[in-house]
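Report on one structure; see the data block that follows.
All values below come from the heavy atoms of this structure, side chains included, with hydrogens, waters and symmetry mates left out. All residue numbers in this chain count up from 1 along the given sequence.
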Amino acid sequence: MLEILHKYGVMFLVGSWPEGPLGGFAATLVLASLGLALAFPIAVLLGFARAGQIRVLRILATCWVTAFRGVPLIMIIFWAYFAVPLVTGMTISAFKTALVAIVLYESAFLAEIVRAGLQGLPRGQTEAARSVGLSYWRSMRYVILPQALVNMIPSLVSQFVSTIKATSIVYIIGVEEVTFVGQQVNSIELTSALQTYLILAGFYFVICWALSRLARLVEVRIQKRRLGLA
């Protein structure tokens with residue numbers, strides 16, 4: 001296993017870069033980070049709609065969340081792979097196709113995190129903001145959302161961990177992330193499948209364990225702050 005890691009370690013990390021496109025675990029992190037970053041603004045709108053009083057928006061947001069939470073990511077990837085070129089009339093790269101699918105998928109899960117964060121705050125916060133003359137949307141923007149974001153941080157980090165693991169599926173459309181690299185290495189070596197996939201599992205475990213620990217530390221910090229101990 002050490003021999004394979006020594007021989008293909010750089011390939012696991014960055015793929016064929018700089019001679020080719022960025023790949024490996026670096027591409028996995030970029031894909032997961034971009035996916036969450038682009039999905040979050042959509043999720044905020046969906047979360048506000050789900051927690052709001054406008055019935056039509058609440059129904060539409062609920063349909064979005066229910067649809068994408070109820071469908072496997074692999075199906076959304078296939079839909080994006082075939083539907084996006086059909087709708088746009090353009091051929092897009094496998095990376096962009098996977099990014100579109102992840103944004104749609106993660107927006108539904110993040111929307112529930114946002115909704116829970118908004119509804120978890122005391123109602124007195126909104127009433128206090130409205131009593132000083134702020135409109136509903138200004139009170140949400142300047143008073144409610146900043147407080148809710150603090151409460152969301154552990155859940156957001158945990159969702160980032162889930163997204164990193166979910167990106168392993170996108171190799172099926174040719175995205176050169178770390179699972180794709182693992183298959184390439186396995187095809188080259190032929191007789192070292194166990195060692196190759198143990199190394200692959202190790203990459204996922206290390207980053208996901210580190211992020212899980214970070215989420216726990218942040219959660220403890222927030223709890224201490226609430227209790228006035230920090």
Side-chain angles (χ1 to χ4, degrees), residues 12-18 20-50 56-117 145 149 152-153 155-184 200 203-204 207-208 211:
F12 271 110
L13 288 174
V14 295
S16 58
W17 188 83
L22 183 68
F25 206 70
T28 294
L29 293 177
V30 169
L31 184 59
S33 300
L34 280 176
L36 283 188
L38 295 175
F40 188 71
I42 301 173
V44 170
L45 296 177
L46 291 171
F48 273 121
R50 291 265 285 160
V56 174
L57 294 181
R58 190 167 66 249
I59 291 174
L60 292 174
T62 300
C63 290
W64 177 291
V65 170
T66 302
F68 286 112
R69 279 169 62 93
V71 177
L73 176 58
I74 190 171
M75 295 302 301
I76 301 175
I77 291 171
F78 282 136
W79 290 343
Y81 187 73
F82 293 109
V84 171
L86 184 64
V87 171
T88 63
M90 299 182 295
T91 301
I92 64 173
S93 66
F95 183 90
K96 291 179 181 178
T97 300
L99 182 60
V100 169
I102 288 174
V103 168
L104 294 175
Y105 185 73
E106 292 300 328
S107 66
F109 287 88
L110 291 177
E112 289 298 273
I113 294 175
V114 172
R115 181 180 66 85
L145 186 58
L149 282 174
M152 295 177 205
I153 291 174
S155 297
L156 292 176
V157 177
S158 296
Q159 191 61 36
F160 185 44
V161 172
S162 298
T163 306
I164 289 174
K165 292 185 287 186
T167 58
S168 62
I169 301 174
V170 303
Y171 84 92
I172 60 175
I173 59 173
V175 179
E176 298 182 20
E177 44 75 61
V178 69
T179 303
F180 184 90
V181 170
Q183 286 209 325
Q184 286 184 315
L200 183 61
F203 275 103
Y204 281 111
I207 188 64
C208 291
L211 287 171

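- Atom CZ of F25 has more than 12 heavy atoms from other residues, nucleotides or ligands within 6.0 Å.
- Taken to the nearest 0.5 Å, the CD1 atom of I113 stands 8.5 Å off from the CD atom of E106.
- The two residues S168 and Y171 have their closest heavy-atom pair at O-CD2, 2.9 Å.
- The two residues R58 and R50 come nearest to each other via the heavy atoms CD-O, 3.6 Å.
- In this structure, L34 CG and T163 OG1 are separated by 12.0 Å, a value rounded to the nearest 0.5 Å.
- Side-chain N/O atoms of T179 and Y204 include a donor and acceptor closer than 3.5 Å.
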Please tabulate, for side-chain N and O atoms in residues 40-49, each donor-acceptor pair with protein atoms closer than 3.5 Å (sequence neighbours left out).
none

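- Atom OH in Y105 sits 8.5 Å away from atom OG in S162 (nearest 0.5 Å).
- Listed by chain and number, the residues in a ring pair (Phe, Tyr, Trp, His ring centres under 6.0 Å) with F68 are W64 (sequence neighbours excluded).
- One distance of note links CD1 of I164 with CG of L36; it measures 8.5 Å at 0.5 Å rounding.
- To the nearest 0.5 Å, atoms CZ (F12) and CG (L200) are separated by 6.0 Å.
- Annotation: side chain of Q159 is not in contact with side chain of L156 (no heavy-atom distance under 4.5 Å).
- Nearest heavy-atom pair, L211 versus V157, reported as atom, atom and distance to 0.1 Å: O-CG1, 3.3 Å.
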### Query
Given F180 and V170, is the side-chain contact (heavy atoms from CB on, under 4.5 Å) satisfied, shown in steps?
CA-CA 8 Å; F180 184 90; V170 303; over 6 Å; no
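- Rounded to the nearest 0.5 angstrom, L149 CG and M152 CE are separated by 5.0 Å.
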### Task
Determine, step by step, whether L29 and I207 satisfy the side-chain contact (heavy atoms from CB on, under 4.5 Å) criterion, reporting the C-alpha distance in whole Å, the side-chain angles of both residues, the deciding distance to 0.1 Å, and the verdict.
CA-CA 10 Å; L29 293 177; I207 188 64; 4.2 Å; yes
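- Between the side chains of T167 and E177, no donor-acceptor pair of N or O atoms lies under 3.5 Å.
- Checked against C63 for a side-chain contact (heavy atoms from CB on, under 4.5 Å), the options V65, I59, L60 give a single hit: I59.
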Solution key, residues 91-104 side-chain donor-acceptor pairs under 3.5 Å, sequence neighbours excluded:
from, atom 1, to, atom 2, distance (Å)
S93, OG, K96, N, 3.2
T97, OG1, S93, O, 3.0

